[in-house]
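See structure below.
Numbers restart at 1 for each chain; the letters A, B, ... are given by sequence-line order, proteins then strands. The structure displayed is predicted, hence computed values, not measured ones.
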2 protein chains.
Amino acid sequence: MPSLDKSLVADLPMFAGLGDDDVGAILKEAQSIRYPKGASVFQQDEDAHSFFVLLHGHLRVMKVTPDGQQVVVRFVTPGEIFGIAMAMGRTTYPASALAVVDSVALVWPSPAWPRLVAKHPSLAVNAIQTVGSRLQEAHTRVIEMSTEQVERRIAHALLRLAQQAGRKGEDGIQIDFPISRQDVAEMTGTTLHTVSRILSAWEDQGLVDSGRQRISIRNPHKLFLLAEPPAG
Amino acid sequence: MPSLDKSLVADLPMFAGLGDDDVGAILKEAQSIRYPKGASVFQQDEDAHSFFVLLHGHLRVMKVTPDGQQVVVRFVTPGEIFGIAMAMGRTTYPASALAVVDSVALVWPSPAWPRLVAKHPSLAVNAIQTVGSRLQEAHTRVIEMSTEQVERRIAHALLRLAQQAGRKGEDGIQIDFPISRQDVAEMTGTTLHTVSRILSAWEDQGLVDSGRQRISIRNPHKLFLLAEPPAG
DNA sequence: CGGTTACTTGATATAGCTCAATAAGGGTGG
DNA sequence: CCACCCTTATTGAGCTATATCAAGTAACCG
């Protein structure tokens with residue numbers, strides 16, 4: 001019984017440079033698990049027992065500060081590897097992951113990682129690149145938070161979301177999972193009130209069309225101009 | 001002529017899990033270069049020709065936004081690997097590195113990386129961990145910028161600097177390289193004016209002792225309490 | 001010394017937070 | 001299918017942390 005279809009995953013960046021046989025062997029060690037909407041995939045500070053590849057759905061990854069404030073680290077989209085705390089030399093997860101819609105992931109036990117890497121070194125190379133690009137993103141975010149004010153940060157966040165999880169609709173690009181004002185606030189370091197006000201303003205200008213846990217971008221070009229004002 | 005002393009570098013995290021022979025072989029491919037104070041090691045967007053290990057001195061890594069604002073990404077301290085853009089799958093450096101004091105680094109040509117990794121897989125594993133811990137730091141910074149106000153952010157930044165580059169002096173921990181108010185501002189997303197005011201206030205309270213491009217922490221414990229106020 | 005770079009400090013302006021109240025969806029159970 | 005409830009979103013008013021503007025002082029460098 002070929003438990004998992006190689007074709008589903010063979011061309012994910014994580015498996016780049018691996019032959020079909022290798023991919024098959026790696027997949028044999030994984031199981032696929034379904035996470036219903038709202039379910040937790042793993043919790044911050046919990047023992048990093050597994051690592052994952054998202055097959056279907058969307059996850060919100062968030063961190064909570066000691067005093068209870070939440071920050072959204074990112075959203076995981078299908079094809080991404082996540083929860084690789086162990087590969088980064090950690091024993092616990094640095095953040096929590098929650099299914100925002102019904103989702104399915106491949107799951108490997110963390111102890112399999114060193115063995116798999118030893119046998120398939122390209123895994124390590126690919127993992128560095130994955131972590132590297134996340135580092136880039138994180139730095140981008142630091143820079144935005146240091147130098148831009150709220151409106152531009154929100155514009156950037158929405159454009160990024162549209163790129164990662166945008167679904168072309170009748171008029172505009174819709175973000176393909178439920179996302180609240182609070183979520184956007186936690187991604188951009190502001191409050192839901194400010195997000196609400198700004199989205200309302202943009203709505204009036206015909207820039208976006210949004211509602212309860214739903215945002216679509218009607219005019220990406222104008223939004224882009226807000227995010228990156230032409231030099232002057 | 002044994003150009004470089006293995007003992008200098010054999011126990012850096014980057015070479016963990018490698019035998020003396022391996023370390024020797026890897027070192028053979030590097031040259032050591034001196035960067036006088038103020039010299040550029042590499043420039044943002046420049047072709048990622050080399051990667052480095054800092055042997056001596058301190059570097060400031062910074063990014064410039066399209067509109068010319070600078071952000072300090074981090075300071076490099078001796079023993080660290082840096083400029084590994086290429087390992088992360090980039091062809092150009094995402095930031096610039098500048099010697100803030102006379103410095104010395106080991107330099108490898110980027111094309112050597114894949115070959116070295118193929119021959120010494122622990123390099124890849126160690127690199128993931130390095131990049132992973134930088135990702136952690138970057139996320140920490142995002143979270144601080146999202147949830148803390150300026151005074152706490154500066155407190156955190158100074159404590160981190162003290163940990164990475166603190167030199168125990170007669171009274172307190174001195175940051176071991178020249179650092180201006182502007183630098184601290186660019187690390188914490190504020191202005192030099194605000195940093196100056198806050199340091200002045202701390203000076204009055206006997207928390208720090210600072211001057212032109214010089215900061216030392218007289219009372220780390222109190223500073224820590226500012227950074228992490230006890231729950232309430 | 002003269003010039004430049006770093007730092008200090010006051011006064012004012014304002015972006016965005018906080019507080020507060022209301023409204024609109026949308027799911028659920030009767 | 002309707003009524004209710006809970007979550008999410010909207011919007012106003014006032015406040016405050018911090019940026020900005022402005023001016024002067026101190027340290028270092030050649």
Side-chain angles (χ1 to χ4, degrees), chain A residues 36-38 60 67-72 98 100-102 144-155 157-158 175 177-205 208-216 226 229, chain B residues 36-38 60 65 67-72 98 100-102 144-155 157-158 175 177-205 207-216 226 229:
Chain A
K37 177 173 177 171
R60 183 174 63 217
D67 61 309
Q69 294 187 78
Q70 277 201 5
V71 174
V72 172
L98 191 96
V100 294
V101 293
D102 290 354
E144 287 177 7
M145 304 246 316
S146 298
T147 63
E148 296 176 2
Q149 42 195 66
V150 172
E151 188 172 42
R152 282 183 68 190
R153 299 208 302 268
I154 295 177
L158 291 194
I175 291 162
F177 53 83
I179 183 168
S180 67
R181 307 291 185 260
Q182 179 72 40
D183 292 331
V184 176
E186 288 177 7
M187 298 178 70
T188 52
T190 179
T191 63
L192 81 162
H193 308 274
T194 298
V195 173
S196 182
R197 280 182 237 274
I198 285 173
L199 287 185
S200 293
W202 287 352
E203 192 110 28
D204 293 348
Q205 300 168 235
V208 302
D209 168 21
S210 72
R212 193 188 176 85
Q213 304 212 87
R214 180 184 62 75
I215 304 177
S216 44
L226 260 178
Chain B
K37 177 173 177 170
R60 184 176 63 217
T65 63
D67 60 308
Q69 294 187 77
Q70 276 201 6
V71 174
V72 171
L98 191 96
V100 294
V101 293
D102 289 355
E144 288 177 5
M145 304 248 312
S146 297
T147 64
E148 297 176 1
Q149 42 194 66
V150 171
E151 188 172 40
R152 280 184 68 190
R153 299 209 301 270
I154 296 176
L158 291 194
I175 291 162
F177 51 83
I179 183 168
S180 68
R181 307 290 185 262
Q182 180 72 40
D183 291 331
V184 176
E186 289 177 7
M187 298 179 71
T188 52
T190 179
T191 63
L192 81 162
H193 308 275
T194 297
V195 173
S196 182
R197 280 181 237 274
I198 286 173
L199 288 184
S200 294
W202 288 352
E203 193 111 28
D204 293 346
Q205 301 168 237
L207 261 168
V208 302
D209 169 22
S210 73
R212 194 189 175 84
Q213 305 211 88
R214 181 185 63 74
I215 304 177
S216 42
L226 260 178

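- A distance-only check finds a donor-acceptor pair linking the side chain of B:R153 to the backbone of B:E148 [under 3.5 Å].
- Between A:S200 and B:I198, the one whose closest nucleotide on DNA chain D sits nearer the 5' end is A:S200.
- Applying the 3.5 Å distance criterion, the base of D:dT25 shares no donor-acceptor pair with the side chain of B:R212.
- A side-chain contact (heavy atoms from CB on, under 4.5 Å) with A:I179 is found for exactly one of A:V184, A:V72, A:L158, namely A:V184.
- Put simply, CD on B:Q149 and CD on B:E144 are 13.0 Å apart, with the number rounded to the nearest 0.5 Å.
- At a threshold of 4.0 angstrom between heavy atoms, the contacts of B:S196 include nucleobase atoms, whether or not backbone atoms are also involved.
- Interatomic distance, A:L226 CG to A:I154 CD1, rounded to the nearest 0.5 Å: 10.5 Å.
- Between the NZ atom of B:K37 and the C1' atom of D:dC29 there is a distance of 11 Å, given to the nearest Å.
- At whole-Å resolution of the value, CD1 in A:I154 and P in C:dA15 are 15 Å apart.
- A salt bridge (charged side-chain N to carboxylate O under 4.0 Å, His left out) check over residues 179-194 of chain A, counting only residues at least two apart or in different chains, returns the pairs A:R60-A:D183.
- Annotation: proximity of residues 177-195 of chain B to DNA chain C (heavy atom, distance under 4.0 Å) is found for B:S180, B:R181, B:H193, numbered in ascending order.
- Shown for residues 144-153 of chain A: residues whose heavy atoms fall under 4.0 angstrom of DNA chain C, namely A:Q149, A:V150.
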Determine, step by step, whether A:V100 and A:K37 satisfy the side chain to side chain contact (heavy atoms under 4.5 Å, CB included) criterion, reporting the C-alpha distance in whole Å, the side-chain angles of both residues, the deciding distance to 0.1 Å, and the verdict.
CA-CA 5 Å; A:V100 294; A:K37 177 173 177 171; over 6 Å; no
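- You'll find the side chain of A:I198 stays beyond 4.5 Å of the side chain of A:T190, heavy atoms only.
- With hydrogens and angles ignored, a donor-acceptor pair closer than 3.5 Å exists between the side chain of A:R197 and the base of D:dG12.
- Taking atom CG on B:L199 and atom P on D:dA26, their separation rounds to 18 Å, with Å as the unit.
- Remark: side-chain polar atoms of B:D102 are not paired, donor with acceptor, to backbone N or O of B:P36 under 3.5 angstrom.
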